[in-house]
Novice: 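Dumping the structure here so I can ask a few things about it.
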Amino acid sequence: MFYDLNVPWSPNDRELQRTIAFLDELGYDVVALTHTLSGKLPAEISCPIPASLPFHTPNSLCLLRRCTLILADTSQNHRIAQIAAAYDILAIRPTDEKTLKQACETLDCEIISIDLTQRLAAHFKFKMLSQAIARGVRFEICYSPGILAVDSSARRNLIGNVTQLIRATRGRGLVISSEAKIALGCRAPADVINLASVWGLGQERGKEAICKEARSVVVTAQLKRTSYRGVVDVVYGGEKPMATPNKGAQGKAEAQKKRKASAITTNGNDGGEKESPKPPSKSDLQRQEKRARFESQKGTGTDIGKDSKIAEDQENTVSTSNVAVQIEN
Amino acid sequence: MVRVKHRYLLVSLLYPCASSSVAAKEPLPDVIHFHQPSSDQLTVPFLLRVIRDSVAELFGDYGAGVVSTSLQIKYLSPATSTAIIRTPRAHYQLVWAALTFISSLPKPMNQSCVVRVVRVSGTIRKSEEEVIRRAKDIIARAQRPGVNEGVVGDILKAVGRTGGRREEDVMAVMDEEYDENDYSDSES
């Protein structure tokens with residue numbers, strides 16, 4: 001599986017169909033369409049990218065919707081949670097060192113995408129970047145602006161900044177994507193990997209950047225949005241096929257619905273018991289255990305029924321018999 | 001006598017942008033459009049010049065000098081838009097990166113173009129086999145445009161296989177094992 005997590009989207013873009021078809025031809029499997037937000041945010045945030053594009057897209061290609069938020073000011077309230085809920089992937093593009101620091105340390109996003117074609121004022125610091133990587137945030141390298149650059153300074157800056165970024169991150173937590181506005185800026189995965197290895201990333205790391213790391217971005221983003229506490233996700237809850245949770249391609253409403261549904265399925269498993277919608281906390285479980293032990297110590301025949309009921313109860317809450325559980329680290 | 005070692009890059013030229021001359025009434029399928037034949041102006045000296053210029057632009061005099069000793073175009077077919085390029089083994093990555101940075105073919109052709117490296121091999125024979133295999137593959141796909149669409153596509157998608165595309169088809173295969181022992185093509 002090969003990922004290209006940055007294809008700029010704009011309304012009435014006639015070039016987009018060709019770009020998507022070309023990416024499919026080159027062998028990519030997942031493509032994220034990017035909508036860029038900058039300046040003052042609108043009051044009502046909703047994703048303008050339609051769920052199904054107005055033209056034919058290749059069947060084998062999975063399309064995601066991503067938002068790139070340009071961060072110009074640290075003091076502004078960016079309503080990150082609201083934006084994140086409206087899109088499949090949230091990327092942040094810091095413009096200076098302060099915003100980069102903020103993005104690395106606190107902001108809850110999936111990708112930090114720095115504009116590498118500009119000359120950056122400060123060096124990257126491993127301490128700062130490693131904080132972001134430890135949180136599971138990936139750094140993005142966009143190669144297409146360098147390939148399509150008319151003047152050589154953009155290309156020089158790109159190469160210089162990429163080598164700096166590789167040095168500072170020690171090759172970890174990088175994602176390579178195209179950011180190709182036209183189909184001409186896309187390159188095949190093998191070419192991209194070779195380019196990365198010429199830039200000093202190494203063949204293996206280069207492949208990871210386009211496969212494994214990019215996949216982990218997609219999966220964590222999906223888990224953050226649909227799963228229960230980012231750990232357990234219902235892949236298939238036994239519903240009718242129409243309502244099967246899809247690859248996060250639906251909008252926010254669906255995601256919320258799903259979240260509720262998943263919470264209910266994990267809690268009360270068609271046993272018909274009336275439980276609180278919250279799953280039992282650790283102390284609850286301990287209390288239940290204690291009670292069970294107490295009951296068993298009493299050890300008379302009359303109490304066995306109740307005892308086993310509690311055990312069954314626990315089983316219902318902990319194991320999920322007809323729910324596929326997906327656990328990601 | 002130590003043999004001079006080479007790498008053979010099998011490249012295919014893709015044309016992602018709509019050409020103004022072929023403003024056909026009905027648009028071609030994308031597969032055929034991207035793999036369209038090159039014009040007759042694509043000749044061996046022309047392509048060699050394009051590659052040399054690109055290497056020189058990206059890696060300067062050092063790159064051009066290091067590469068020039070054995071850069072050669074062994075095979076060029078404008079009809080299928082494929083070529084086999086011989087490069088020195090120690091520096092094939094420079095040539096490859098330079099090819100990646102080509103986004104248009106200059107003056108006589110004036111066409112935007114993406115160069116994709118399909119295979120890297122130590123002998124020319126393996127490259128030739130791959131050329132034939134790829135050409136057959138593309139013809140088959142052009143004749144059956146709807147393989148991945150419709151009911152069959154849905155089924156393949158459900159099974160988790162998208163039209164039988166494997167990772168080897170996407171990645172440029174590199175064969176290393178033919179380096180040392182194969183003397184069959186040690187000409188020049």
Side-chain angles (χ1 to χ4, degrees), chain A residues 1-2 14-15 17-30 55-62 143-150 152 155-156 158-159 178 180 182-200 202-203 206-207 210-211 241 244 246-247, chain B residues 9 11-12 14-18 27 29-31 33-35 57-59 63 91-104 112-120 138 141 146-150 152-154 156-158 160-174:
Chain A
M1 296 283 273
F2 296 96
R14 292 173 63 205
E15 196 59 40
Q17 180 187 11
R18 201 169 283 281
T19 309
I20 289 174
F22 192 57
L23 283 168
D24 178 58
E25 174 64 34
L26 290 177
Y28 288 95
D29 300 292
V30 180
F55 45 80
H56 173 76
T57 53
N59 232 346
S60 53
L61 205 66
C62 173
Y143 59 83
S144 171
I147 285 176
L148 294 179
V150 190
S152 58
R155 187 159 50 199
R156 267 177 221 167
L158 177 80
I159 294 172
S178 69
I182 54 171
L184 198 57
C186 306
R187 288 295 181 274
D191 293 342
V192 175
I193 291 167
N194 175 68
L195 209 56
S197 96
V198 170
W199 287 340
Q203 207 92 30
K207 180 146 187 268
I210 214 165
C211 299
T244 316
N246 208 346
K247 257 233 158 173
Chain B
L9 305 182
V11 302
S12 70
L14 305 173
Y15 300 96
C17 292
D30 284 328
V31 177
H33 182 87
F34 295 144
H35 291 278
E57 197 189 343
L58 203 58
F59 298 104
H91 304 285
Y92 78 96
Q93 286 197 314
L94 299 194
V95 181
W96 190 348
L99 289 171
T100 308
F101 268 93
I102 291 174
S103 63
S104 69
S112 54
C113 166
V114 169
V115 183
R116 177 186 185 183
V117 175
V118 171
R119 192 188 173 93
V120 183
I138 288 169
R141 275 171 56 205
V147 176
N148 288 342
E149 316 298 325
V152 180
D154 288 343
L156 286 170
K157 203 175 180 184
R161 293 196 44 179
T162 48
R165 184 163 71 191
R166 296 159 304 153
E167 196 176 299
E168 297 94 271
D169 292 339
V170 179
M171 295 287 289
V173 179
M174 295 198 207

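What you are looking at is a predicted structure, and each value in this text was computed from that prediction instead of being measured.
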Novice: Just wondering, do A:Ser197 and B:Gln93 contact through their side chains at under 4.5 Å, heavy atoms?
Specialist: yes
Novice: With only heavy atoms counted, which part of B:Val120 is less than 4.5 Å from chain A, the side chain, the backbone, both or neither?
Specialist: neither
Novice: If you define the side chain from C-beta out and look only at heavy atoms, does anything of B:Leu58 sit under 4.5 Å from A:Arg155?
Specialist: yes
Novice: Are any of the side-chain heavy atoms of A:Glu15 and B:Pro16 separated by less than 4.5 Å?
Specialist: no
Novice: Quick check on A:Ile182 against chain B: is it the side chain, the backbone, both or neither that has a heavy atom closer than 4.5 Å?
Specialist: neither
Novice: I'd like to know whether B:Leu14 forms a side chain to side chain contact (heavy atoms under 4.5 Å, CB included) with A:Phe22, so could you lay out the CA-CA distance, the side-chain angles of the two residues, the decisive distance to 0.1 Å, and finally the verdict.
Specialist: CA-CA 9 Å; B:Leu14 305 173; A:Phe22 192 57; 3.8 Å; yes
Novice: Less than 4.5 Å apart, any side-chain heavy atom of A:Asp24 and any of B:Phe34?
Specialist: no
Novice: Do you know which two heavy atoms are closest between A:Asn194 and B:Ala97, and how far apart they sit?
Specialist: ND2-N, 3.4 Å
Novice: For residues A:Leu184 and B:Val114, determine if any side-chain heavy atom of one lies less than 4.5 Å from a side-chain heavy atom of the other.
Specialist: yes
Novice: By a 4.5 Å heavy-atom criterion (distance strictly below it), what part of A:Cys211 contacts chain B: side chain, backbone, both, or neither?
Specialist: neither
Novice: Could you tell me whether the side chain of B:Arg116 and the main chain of A:Asp191 form a donor-acceptor pair under 3.5 Å?
Specialist: no
Novice: Can you confirm whether B:Phe101 sits close enough to A:Leu195 that some side-chain heavy atom of one is under 4.5 Å from a side-chain heavy atom of the other?
Specialist: yes
